[in-house]
Amino acid sequence: MKTLSPLLQERLASEAQTLCLCWRLTRRDGAVFGLTNHDQTLIVNEISYSPGAALDAAIFAQGTDMQPGRVNATGVLSSDFIRDADLIAGIWNDCWVDVYRVDWQRLDLPPLHVWSGYLSAVERNQNGGFEAELLSLSADLQRPIGRVIQRRCDAELGDARCGAETDAQTCDQRYETCRDVFANVENFRGFPHLPGNDAILAGPAATDNDGGKR
């Protein structure tokens, strides 16, 4: 639950709304930038938030795919510190984002923290603006971790995990192919002896079965 100061609660309840959004962007290289949808530069907690990002007000709504922690953002890039060359180079990818709601008439009031997450990708759209996907911390819980346990190899032929000489040959990721064609069993990245459905369907042995008695 978010805690609001009494003065900010009073401002929120009043008819005169003087609130705006401030975005603190922290890139992977440690550089910090501030953007606001207000029409003037604001100084909040010693960080300068310059006007230059007209962002869709609905960006914090859940996406149509209903995945938790994922929201979409669209807007207009008019800030000098966001350049096309940087977007192409991916400098803004995985940029950490903190969003605050600020009363631009009472900057002495503590800002209301709205959202935290990171940009997974930022790119130009056909209208000259930008599109980005913002991921919250809960989205990290959806990332697959570890390997899939399967009979076939999960390496790509000739990559560092495989290590086999390709010579334009193809591989079907089977243990037998790795052994007989490439003589590369020591680098096989599957689990060839993993029991399959056939072992389940076979059921208990017909003979020498004592029913579990010892």
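Values reported hereafter were calculated over all heavy atoms of this structure, with side chains retained and with hydrogens, waters and symmetry mates removed. This is a predicted model, so every value here is computed, not measured.
Contact record, Pro111 with Val44: CG-CG1, 4.0 Å, taken as the closest heavy-atom pair. The two residues Leu194 and Arg151 make their nearest non-hydrogen contact at O-NE, 2.8 Å. Taking each heavy atom of Asp98 and Ser116 in turn, the nearest pair found is OD1-OG, 2.5 Å. Across all their heavy atoms, Pro51 and Gln40 have their closest contact at CD-C, 3.8 Å.
Proximity of Leu107 to Val102: side-chain heavy atoms (C-beta onward) are separated by under 4.5 Å at one or more points.
Note that Arg27 lies outside the cation-pi zone of Trp96, set by a 6.0 Å cut-off to the ring centre and a 45° limit from the axis.
With rounding to the nearest 0.5 angstrom, the SG atom of Cys20 is 14.0 Å from the OH atom of Tyr100. Atoms OG1 and CG, on Thr18 and Asp103 in that order, are 3.0 Å from each other to the nearest 0.5 Å. Distance check, rounded to the nearest 0.5 Å: CD of Glu176 to CZ of Arg174 gives 5.0 Å. Considering CG of Asn184 and CZ of Arg179, their distance stands at 13.0 Å, rounded to 0.5 Å. Between the CZ atom in Phe182 and the SG atom in Cys171 there is a gap of 5.0 Å [rounded to 0.5 Å]. The structure places CD of Gln173 at 9.5 Å from SG of Cys178, a figure rounded to the nearest 0.5 Å.
In terms of hydrophobic clustering, with Ile, Leu, Val, Met, Phe, Trp and Tyr side chains grouped at heavy-atom distances under 4.5 Å, Val32 and Ile91 are assigned to different clusters. Each of Leu157 and Tyr175 belongs to its own hydrophobic cluster when Ile, Leu, Val, Met, Phe, Trp and Tyr are linked at side-chain heavy-atom distances under 4.5 angstrom. Side-chain heavy atoms closer than 4.5 Å link hydrophobic residues (I, L, V, M, F, W, Y) into clusters, and following such links, possibly through other members, connects Trp104 to Ile47. Residues Trp115 and Leu21 fall within the same hydrophobic cluster, defined by Ile, Leu, Val, Met, Phe, Trp and Tyr side chains chained together at heavy-atom separations under 4.5 Å. Placement of Val181 and Val185 in two distinct hydrophobic clusters is found when ILVMFWY residues are connected by side-chain heavy-atom separations under 4.5 Å, directly or transitively.
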Run the side chain to side chain contact (heavy atoms under 4.5 Å, CB included) test on Thr41 and Tyr49 for me, step by step, so that the C-alpha distance in whole Å, both residues' side-chain angles and the decisive distance to 0.1 Å come before the verdict.
CA-CA 6 Å; Thr41 298; Tyr49 293 86; 5.9 Å; no
| request: Apply the test side chain to side chain contact (heavy atoms under 4.5 Å, CB included) to residues Cys162 and Asn187: give CA-CA distance (whole Å), side-chain angles for both, the deciding distance (0.1 Å), then the verdict. | output: CA-CA 6 Å; Cys162 169; Asn187 289 327; 5.8 Å; no
task = Could you go through the side chain to side chain contact (heavy atoms under 4.5 Å, CB included) check for Thr26 and Cys95 one step at a time?
result = CA-CA 6 Å; Thr26 306; Cys95 171; 5.5 Å; no
Between Ser50 and Leu35, is the side chain to side chain contact (heavy atoms under 4.5 Å, CB included) condition met? List the steps. CA-CA 5 Å; Ser50 59; Leu35 283 175; 4.1 Å; yes
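In this structure, Trp92 has its ring center under 6.0 Å from that of Phe33.
Results of the side-chain contact (heavy atoms from CB on, under 4.5 Å) test with Cys22 over Asn45, Val99, Leu42, Val114 single out Leu42 as the only residue that passes.
Side chain of Arg28 to main chain of Asn93: a donor-acceptor pair is present (N/O by atom type, distance under 3.5 Å, no hydrogens or angles).
Enclosure of atom CD in Glu156 is not indicated, since only 12 or fewer non-hydrogen atoms of other residues, nucleotides or ligands lie within 6.0 angstrom.
Comment: Arg161 engages Asp154 in a salt bridge, judged by a side-chain N to carboxylate O separation of less than 4.0 angstrom.
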